[in-house]
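Notes to accompany the following structure.
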Amino acid sequence: MDKLFLDLVNGVKQDFTGWDFTSMTGTGRIDSGLLSWSYGSLAIPLVRSASTLLDMGTGGGEILSMLGPLPDQVYATESYAPNVPVARQRLEPLGVKVIQIELGHDSDLPFTDKQFDLILNKHEIYCPAEMSRIITDDGIFLTQQSGGLDCRELNEYFGVPLNEEFSGWNLDRAVEGLRANGFDIVMGKEEFIPQRFYDIGSLIYYLNASPWQVPGFEQNLYLEKLYEIHRMIGEKGYFETTQHRFVIKARLA
């Protein structure tokens with residue numbers, strides 16, 4: 001194995017907080033195609049007209065902090081414990097109350113009935129019935145989701161099957177769940193776009209930051225496969241996967 005490969009492998013940051021890939025995307029080490037929508041541009045006018053807002057799965061608060069000015073009453077949830085202090089440091093000065101919730105408790109959120117007139121959700125699990133409970137009549141739910149076929153090429157290459165329960169997660173299934181719980185669908189789109197990794201270090205970074213993609217991923221366990229991809233990048237210039245994304249804007253009827 002060549003020195004560049006070993007340097008890239010050994011130089012990957014192992015501890016992750018927040019949800020910020022700027023060190024990879026900002027330097028062009030990871031790049032992806034363009035969607036026909038912008039989650040931020042969809043969210044901003046909704047935030048401007050909201051009086052009570054919930055941001056689900058806020059990560060380190062990176063996106064929410066850039067959507068201001070925010071309403072007077074704003075809550076954010078986060079289930080990944082290392083992200084919580086990061087989010088609080090960023091969001092509490094903006095008047096946002098950050099609440100840590102346990103993973104898998106999306107059907108039992110610590111909010112009252114009809115508490116929010118806007119719920120934002122980017123790549124976070126949610127329970128349609130719980131959304132219907134905590135949102136006001138005529139309230140808006142905006143979510144962008146990673147579909148169940150996201151980056152499936154990685155699973156194929158590493159010989160790890162897609163999560164059977166999650167693999168069927170797509171626009172049709174999400175729309176069905178929301179409609180069954182009283183929502184009208186204002187807008188829904190689904191797209192598959194290319195994502196490229198331009199060096200092996202960026203791919204390892206992604207897999208460490210996204211442990212659900214290849215569960216139990218440890219670079220030492222997959223060193224030979226990683227080296228094969230490293231050589232492929234050397235010959236082709238990149239390793240390509242396919243992002244699966246969909247967005248829904250729904251209003252409680």
Side-chain angles (χ1 to χ4, degrees), residues 15-26 30 32 35 37-106 108-112 114-128 130-136 138-146 150 174 178 183 186-187 189 209-210 212 243 245-252:
D15 297 320
F16 300 92
T17 56
W19 189 248
D20 186 358
F21 283 84
T22 304
S23 63
M24 296 292 142
T25 58
I30 300 176
S32 59
L35 294 165
W37 69 84
S38 161
Y39 174 81
S41 294
L42 290 171
I44 284 175
L46 301 176
V47 172
R48 297 290 189 274
S49 60
S51 59
T52 53
L53 165 63
L54 171 63
D55 184 40
M56 299 181 64
T58 198
E62 297 88 355
I63 294 175
L64 181 60
S65 66
M66 294 186 287
L67 297 179
L70 300 174
D72 291 336
Q73 297 183 45
V74 184
Y75 289 77
T77 61
E78 178 57 32
S79 59
Y80 183 50
N83 285 348
V84 175
V86 179
R88 284 177 176 159
Q89 183 177 20
R90 179 177 280 119
L91 295 177
E92 286 183 348
L94 302 177
V96 180
K97 185 172 182 179
V98 178
I99 297 178
Q100 182 176 352
I101 61 172
E102 293 186 36
L103 187 65
H105 281 222
D106 53 293
D108 185 26
L109 297 176
F111 304 114
T112 60
K114 310 299 182 185
Q115 184 168 346
F116 302 103
D117 57 20
L118 174 61
I119 300 175
L120 300 179
N121 177 310
K122 187 175 184 185
H123 300 180
E124 177 73 356
I125 189 172
Y126 67 89
C127 170
E130 189 70 346
M131 297 301 93
S132 180
R133 181 184 72 81
I134 65 174
I135 202 166
T136 61
D138 208 38
I140 295 290
F141 176 53
L142 177 68
T143 183
Q144 178 175 301
Q145 294 281 308
S146 291
D150 193 50
L178 288 169
F183 284 91
V186 179
M187 181 268 286
K189 292 184 178 181
S210 311
W212 55 85
Q243 289 185 338
R245 297 286 185 269
F246 62 90
V247 66
I248 299 173
K249 179 181 176 182
R251 185 187 301 274
L252 190 64

Legend entry - Shortest non-hydrogen contact from Phe183 toward Ala250: CD2-CB, 3.8 Å

Legend entry - Min side-chain heavy-atom separation Leu252-Ser132 under 4.5 Å: yes

Legend entry - CD1 on Ile44 to OH on Tyr39, rounded to 0.5 Å: 11.0 Å

Legend entry - Atom CD of Gln89 with >12 non-hydrogen neighbours under 6.0 angstrom: no

Inset, instruction - For residues Trp37 and Met187, determine if any side-chain heavy atom of one lies less than 4.5 Å from a side-chain heavy atom of the other. - result: no

Legend entry - Donor-acceptor contact below 3.5 Å, side chain Glu130 vs main chain Leu109: yes

Inset, instruction - Considering non-hydrogen atoms only, spot the tightest contact between Ser65 and Arg90 and give its length. - result: OG-CD, 3.5 Å

Legend entry - Flag side-chain contact, heavy atom, 4.5 Å: Leu142 against Val247: yes

Inset, instruction - Measure from the side-chain N and O atoms of Arg48 to the backbone N and O of Gly68, and report whether any donor-acceptor pair falls under 3.5 Å. - result: yes

Inset, instruction - Could you check whether the rings of Tyr75 and Phe111 sit parallel, tilted or perpendicular, using 30° and 60° as the cut-offs? - result: perpendicular

Legend entry - Straight-line distance of Ile140 CD1 to Leu42 CG, nearest 0.5 Å: 11.5 Å

Legend entry - Considering all heavy atoms, the nearest Ala174-Ile248 contact: CB-CD1, 3.6 Å

Inset, instruction - Apply the side-chain contact (heavy atoms from CB on, under 4.5 Å) test between Val74 and each candidate in Val47, Val96, Leu120; give the one that qualifies. - result: Val96

Legend entry - 4.5 Å side-chain heavy-atom contact, Ile119 and Met56: yes

Legend entry - Between OG1 on residue Thr136 and CG on residue Leu118, distance to nearest 0.5 Å: 9.0 Å

Inset, instruction - Check Glu78 against Thr58 and note the closest heavy-atom contact, atom names and distance. - result: OE1-N, 3.4 Å

Inset, instruction - Would you name the heavy atoms of Gly61 and Ala87 that are closest together and state the gap between them? - result: N-CB, 4.1 Å

Inset, instruction - Taking the side chain as every heavy atom from C-beta outward, state whether Asp72 and Ser51 have any pair of such atoms under 4.5 Å apart. - result: no

Inset, instruction - Locate the shortest heavy-atom distance separating Arg245 from Ser146; write the atom from each residue and the value. - result: NH1-OG, 3.0 Å

Inset, instruction - Using side-chain contact (heavy atoms from CB on, under 4.5 Å) as the criterion, point out the one residue from Ile134, Ile99, Thr77 that pairs with Pro110. - result: Ile99

Legend entry - Candidate pair Leu67 and Asp55, rule side chain to side chain contact (heavy atoms under 4.5 Å, CB included), full reasoning: CA-CA 11 Å; Leu67 297 179; Asp55 184 40; over 6 Å; no

Inset, instruction - Measure the shortest side-chain to side-chain distance between Leu46 and Lys249 over non-hydrogen atoms and say whether it is less than 4.5 angstrom. - result: yes

Legend entry - Side-chain donor-acceptor pair present, Asn121, Gln145, cut-off under 3.5 Å: yes

Legend entry - Non-hydrogen side-chain atoms of Asp150 and Trp212 separated by less than 4.5 Å: no

Legend entry - From Glu124 atom CD to Thr143 atom OG1, the distance as rounded to the nearest 0.5 Å: 9.0 Å

Legend entry - Leu53 and Leu64, any side-chain heavy atoms less than 4.5 Å apart: yes

Legend entry - Euclidean distance, Phe246 CZ relative to Gln144 CD, rounded to 0.5 Å: 9.5 Å

Legend entry - CG on Asp117 to CD on Gln115, rounded to 0.5 Å: 10.5 Å

